[in-house]
Each structure stands twice: as structure tokens, then as C-alpha cells.
Amino acid sequence: MGKTTEKQQVKIDLSMPVRYLKGVGPARATAFAQLGVRTVGDLLEYFPRDWNFVPEAIKIGQMQEGFSATIVGLVESVDYQSFRQPAIFEAALADDTGMCRIVWFHGGYLRGQLKPGQVIMASGKVSLYKHQVQMTNPKFMVLEQGCLEPAEYFGGGVYPALARLSGRQIKRIIRPVLDNLSELVDELYDEDFRKRTNLIGRTDAFAWIHLPPDEGKLALAKRRLKYDELFLMQLGLALRRYKCKHFSAAAAMNYTNQIDSRIRKRFPFLLTGDQDNCISEIVADMQKSEPMNRLLQGDVGSGKTVVALYAALLAVANKRQAAIMAPTEILTDQHFISMERYLKNSKVRRVLITGGLTGKKRKELLGQIRNGRIDIVVGTVALLEKDVKFANLGLVVIDEQHKFGVHQRLKLRKQATPHCLVMTATPIPRTLAMTAFGDLDVSIIKHSPPGRVTVITRWIDSHNRQKAYEFIRERLKAKKQAYFVYPRITSVEENSTIKAATDGWKNLAKKVFPEFTVELLHGRMPSPQKGRIMAEFRKGRIDVLVTTIVVEVGVDVPKATIMVIEGADRFGLAQLHQLRGRIGRGEDKSYCFLFAETESEVAKNRLEVMTRCNDGFEIAECDLRLRGPGELFSTRQHGLPDLKIANILDDYELLVLARKNAFELVLRDPALTGPEHKNIRRALLAKLGDSLGLADVA
Ligand code: ADP
Ligand code: MG
């Protein structure tokens, strides 16, 4: 007893471990830790997943069979019938309109608790028993002697709980903390702003989210807390961006009409309007000494590489080096090959750095890069290795950004502060563009170059498989090429239902298409072999390429007009769309066949979206909806705080508002040193620690 009193006297603050709260011992502290709750601050942000409201009491005379009701009445009599199976505790409850029988099965524990003369509130479903209204196993509380408010007993939050720590216990532990809210919680914004944006006070918001007086107030509390969460996240992004722009300098590039026309001459076609717009945005960035930090989005084949090469050539025209980084060797090969096509007979000096490059040759090349004798370097993450040093890196292009993550992006920047262009072929829904990539400016290629054909996509079940093979055979005879993509390289166990490329290859080569050249390509093959097979396929010497997800990105073979995806239900929507993007690159009709047998509703949904829709942005939005935002990107991985209450899909309007306000604030007070921003700054530091280098902003 003495111990608990002691605990109550401790003055609590947000950083205090929950261990010191009343009702929390070492065992419960451990349980809380499992829920991610370590401090009082965490506890306040341990939000309920659902809420109950104190039901309005009705008169006993108004009770109706089959409906739920809450009544208040006087206990007239009680009776315990231990001989019944199960034992029954029974009470008769009366008000001025009637009488209700209440029955608790296994109610032995109520002896001594419920006595005639007490006034109780009971809540439950109404039934009829011998023409009289009755409640069975209702929730109840004794009104006179109860120390709990009805709201607290019947209403309030429902918490995600553990076996060792029930929701009811969590509720009891949070309750006294809520009494101290006015000392614990600081307001972040002035009254005027809150009025304008319809945000309630932060203290009320915390009180009502845990113990809402009614639905309306709960909605207001949610809105306020979601806004705060999104605002602090956006503020982190705004600061990251500000820091990058203002505390580091890049080379301001010189840009003339002559440079422009010299670069354009390299391309055997006119750039599209979208390409031109993106180039203007990029050029404007690169003319400044603030480093560019831009995301270039566009569907597969929309012409991003051309835009990136334009930027690289602008750097080179300014006697600066450019590095182009992609996640796989197949893709860097591809970049290098298409670059060679455009740069034939040019004086631009370019190299491809691969993982296979070793020894003397590697040393020599690295030396040339270090001495500035190379203009454009293409490579994988191998470019991030310490011994790769540039003489005067002016631009970094990163393809397929989402495969790298923010940390690697920052690493490449460390060497110098070059301009940075990030490309992604998986269109990023606007919500993610504002969060996961929220510190970047965005350029979008919406329309692909003219002459592209829409890929015809069909979902094929086992009945139609033969027909599909025959259709493909006719195309192959006409010198078209096909990809067959499998979910895995080899089958893990016998009779596995997951199709494997090695098995598929044998079957296709020997039984289905014996008259054609069928080759296998997968990620576990040695690099030279992979390169050779890819080259043969490009030259049209291979008819059918059996492969895995390695062809997912970047490969550009216009004669390949057929894409078969085996076990298509095993692939995500973004992957399916990426794979399909490998075909439809020339002028010939292209076909994508999704081979799949599945009972899964989500998988059926994905396949259905694919057959109906060709637009990458639309598919990306569908994907986000089908998977939920949590799965698509982890906030932590992007150096952002976890979202505990807001959801970037459902709370899009709030996200837009929070983003606007956060970015405006950083423009006005980039170090957040104004006295009126003190609480915001503190809240941000508490959320992010120093992961954004806030300390050195100060
Ligand atoms: P992405 O990198 O977005 O996948 P690429 O830049 O590789 O797209 O372009 C895909 C194909 O389209 C390439 O074969 C390229 O030569 C061609 N291409 C790019 N821009 C144009 C254009 N403006 N007009 C015609 N063809 C183009
Ligand atoms: Mg590309």
C-alpha cells in the first residue's frame, strides 16, 4: 500500500517510464514495452482502436425484446441458485414503470456484490422470459458506491491488448494520466490558427481520444491528433529539404541555346512535350547552386532515360562528371547500351563499372574517374564503394529509387553535393510522393512517346493454357519474341504449387516449343553468362526467354511482344505492371498473358485490375488501396516518424494541409527558433530525435 502512495506522489512527465505509474510493476512494464509503450508520452499515444459510448438509459417500461438497452433501477431482490446447471445469479430490478429480471450465468461471484436496495445501471440485450422482459449477462455497475464514472465503465477507448495486459487494465492505468494532461501536453499552435483550421486544443484532443464524451468530440480529437502527426512528419521533410538546399552548394550549371541544341542532336527523335517540360524543370534546378533534389516519375518506356541523359550531358557540357546508378547489372548494362546508341561518335568519355570488374582494370578505371578523365560513369551500388572517387561530380542520377532508400541516396551525396535526379518507373501515388519522397521536387512524364501500342492483357486459367500456347507459337513463327516469367528460380519442395523457372524452362524447351530457341536467365547465374544471354535475346537469336523477376526493370527489346507471367497471382500489382512494361515498346501489337489459378480475392482483384487498366498511376493507386499504406512503405525506412493515428490514404486532405503549413513554416523560421515555435520544435525533437540533424539546424 505504502508503495502505491509513493508512486502517486511522483510528478509525471512525458519522458517518465511507465514503470513508475500507479498500477505498473515490472511485469506490466515489460508487457507495455511489447506494445511499444515505454514512456508516459508513448502511453498517451497508445490510441484506442475502437470506442464505446455511454448508452442513454431508458425506462424499464420502454424495453423491447431483441433490442439492446441500458436501464437504471433499484435492486428489489437477489437470488443465487447454485443447484442449477450452470449456477445462476438473479436480480429483480425496478423503476417507476416496471420490473426487469436480470440473470447472470455462473454468477456466483456476484454474491455479496449485489444487494437489495442498491441502484444499478445495466446494459445488454433484452429478451422475454415468461412474458416478462429480461437481460442476460448484462454489463452493469452499482451507481451509489461506484468510484467509477458511468462514462468510464461503459464508455471510452478499447485498446489493443495482450494476454498479460488487458484493455481494461490499460484503461485504468491511463485514466490518472489524463488528469494531468494540462501539465503534460503543450499546445503547438496559436488560437487564431486553430480557429481558422478548425483544430481543437491539444489537451482536449488527448483527453477525448481516450475518453470521448460523444462521437462528435471524438471526431474532433482524431482530426487534431492526425493533423499534428502529419504536420510533424512534413516538418521533418521540409527541414531535411531546407538543409539540403541551403547548407550545401552544388555547381551552378551554365546553360545556353547552343548547349541545348547540341544535346538534342544526339536523339534521333523529337522530345515529347512531357519530356521537354521535365527538362525545363531540371535545367532550372541545375542552373542554381542549391543542389537539385528531384524525382522524375514516368511509366516504363515513357522516356525518362532520355531526360536523364540530357541532364548528364548538361553536366558534361559544364566540365562536370555525371554518375548514373541503377539497382541491377542488367539495368546498368541496358543504360550503358542505350547511352552508347545516343553518344556514338561523341567525345563524351563514358564507362560502365560492374561488380565483376576487378584488379588492375578496375584500378585503372577508378584512377581515370578520380582524375576527371571520364565524363559519365554508369554502375550499380558498386559506385557507393569508398574507393570510387570523382574529380568533380556534378550530377547523380539514381534509377529505380525505391530499391535504394534514402540512406543510400544520402551516401552518394556525401562525396560532394552534386545535383541529384531520382528516377522511378513505378509511378508513385500522390500520397507517397508527399510522404516517402516528400523532400523531393517532382517532375512527371504522363504520356509516353507516340507510336506505342496498348498491351492487350488476358488472365488465362488452365483450360485456356493450350490455346494461349498455340497463339504464342504463331507469333514466334512471325519472328516475335516472348518472355516467360516465373515467381521463383527453382522449386523448394516437390509438388510445390509455386512454379519455378528451371522446371518451366525444361517443359517449354522440350515439350511446348521444341522447334524454337528457349533459354533460361536468372539472378543466380554468373554475371558474364547473364550478359551473354541478354545480348543474344536482344539480337533476336533467342525466341523465348524463361526468367524470373530479374527482367523486372529497364530491359528494352522492341521485338519482344509477348509476356507470359506464370503464377501471376504470386506477384504484386506494381511488379506485374513493371513486367508488362517490358513489352509494347515497338510498333507491333503486344500481348500479356497472366497464367493464374487462385481463390484469393486480393489476387483476383489484382489480376482484374491488370486486364482492365494500362495506366501506371492508376495501377499504383489501386495497389496502395489493395495493400494499405503500411505495407508499401515503412516510414522508419525513410527516416520519418511512425504514423500512429493518421493514414495517408484516408487523411489525404489533412496531409495536404499539414504539408502546406509545414513547408511555409520552414520558410519563415527554418531553425524553428522563434519563441512561438518552441513547442513545435520540442515536439519534433521528441518524435524524431536527431535523425534529421535538427540540432545542427539550431
Ligand atoms: P524509360 O527510361 O522511361 O523506361 P526510355 O527513355 O528508355 O524510357 O525510352 C523508352 C524507349 O522510347 C526507348 O527506346 C527510347 O529510344 C524511346 N524514346 C524515348 N523518347 C522518345 C521520343 N521522344 N520519341 C520517340 N521515341 C522515344
Ligand atoms: Mg528506363
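From a predicted model like this one, the values you see are computed outputs, not experimental measurements. Indexing begins at 1, ligand by ligand and atom by atom, following the structure's order.
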Quiz item: Can you list the ligand 1 atoms lying under 4.0 Å from a non-hydrogen atom of Arg341?
Solution: 14 (O), 16 (O)
Quiz item: What part of Val307, side chain, backbone, both or neither, has a heavy atom within less than 4.0 angstrom of ligand 1?
Solution: neither
Exercise. Please work out which of Phe267, Phe269, Tyr342 has its closest non-hydrogen atom nearest to atom 27 (C) of ligand 1.
Key: Phe269
Quiz item: Under a 4.0 Å N-O cut-off, is there an ion pair linking Glu515 with Lys477?
Solution: no
Quiz item: Aromatic ring centroids of Phe663 and Tyr242 under 6.0 Å?
Solution: no
Quiz item: Quick one: which ligand 1 atoms are inside 4.0 Å of a heavy atom on Leu271?
Solution: 23 (N)
Practice problem: Decide whether the shortest distance between a heavy atom of Gly298 and an atom of ligand 1 is less than 4.0 Å. | Solution: no
Please tabulate, for side-chain N and O atoms in residues 529-536, each donor-acceptor pair with protein atoms closer than 3.5 Å (sequence neighbours left out).
{"from": "Glu536", "atom 1": "OE2", "to": "Arg541", "atom 2": "NH1", "distance (Å)": "3.0"}

Quiz prompt | Ion pair Lys479/Asp588, N-O distance below 4.0 Å | solution = no
Quiz item: Any chance the side chains of Tyr469 and Arg473 put a donor and an acceptor closer than 3.5 Å?
Solution: no
Quiz item: Where is the tightest heavy-atom contact between Ala391 and Gln321, given as atom of each residue plus distance?
Solution: N-OE1, 2.8 Å
Exercise. With heavy atoms under 4.0 Å as the rule, classify the contact between Gln275 and ligand 1 as side chain, backbone, both or neither.
Key: side chain
Self-check item: Basic-acidic side-chain contact under 4.0 Å: Lys499, Asp503
Solution: no
Exercise. Check each heavy atom of Gln297 against ligand 1 and say whether those closer than 4.0 Å belong to the side chain, the backbone, both or neither.
Key: neither
Quiz prompt | Numbered atoms of ligand 1 (with element) below 4.0 Å of Thr305, judged on heavy atoms | solution = 1 (P), 2 (O), 5 (P), 6 (O), 7 (O)
Exercise. Enumerate the atoms of ligand 1 whose separation from the nearest heavy atom of Thr272 is less than 4.0 angstrom.
Key: 23 (N)
Practice problem: Examine Leu270 against ligand 1 and note whether any of their N/O atoms are separated by less than 3.5 Å. | Solution: yes
Quiz item: Would you say Asp299 touches ligand 1, if touching means a heavy atom closer than 4.0 Å?
Solution: yes
Quiz item: Any idea which part of Pro449 is under 4.0 Å from ligand 1, heavy-atom wise: side chain, backbone, both or neither?
Solution: side chain
Quiz prompt | Any N/O pair Gly303/ligand 1 closer than 3.5 Å | solution = yes
Quiz item: Are Phe267 and Tyr310 close enough that their ring centers fall under 6.0 Å?
Solution: no
Self-check item: All salt bridge (charged side-chain N to carboxylate O under 4.0 Å, His left out) counterparts of Lys559, not counting sequence neighbours
Solution: none
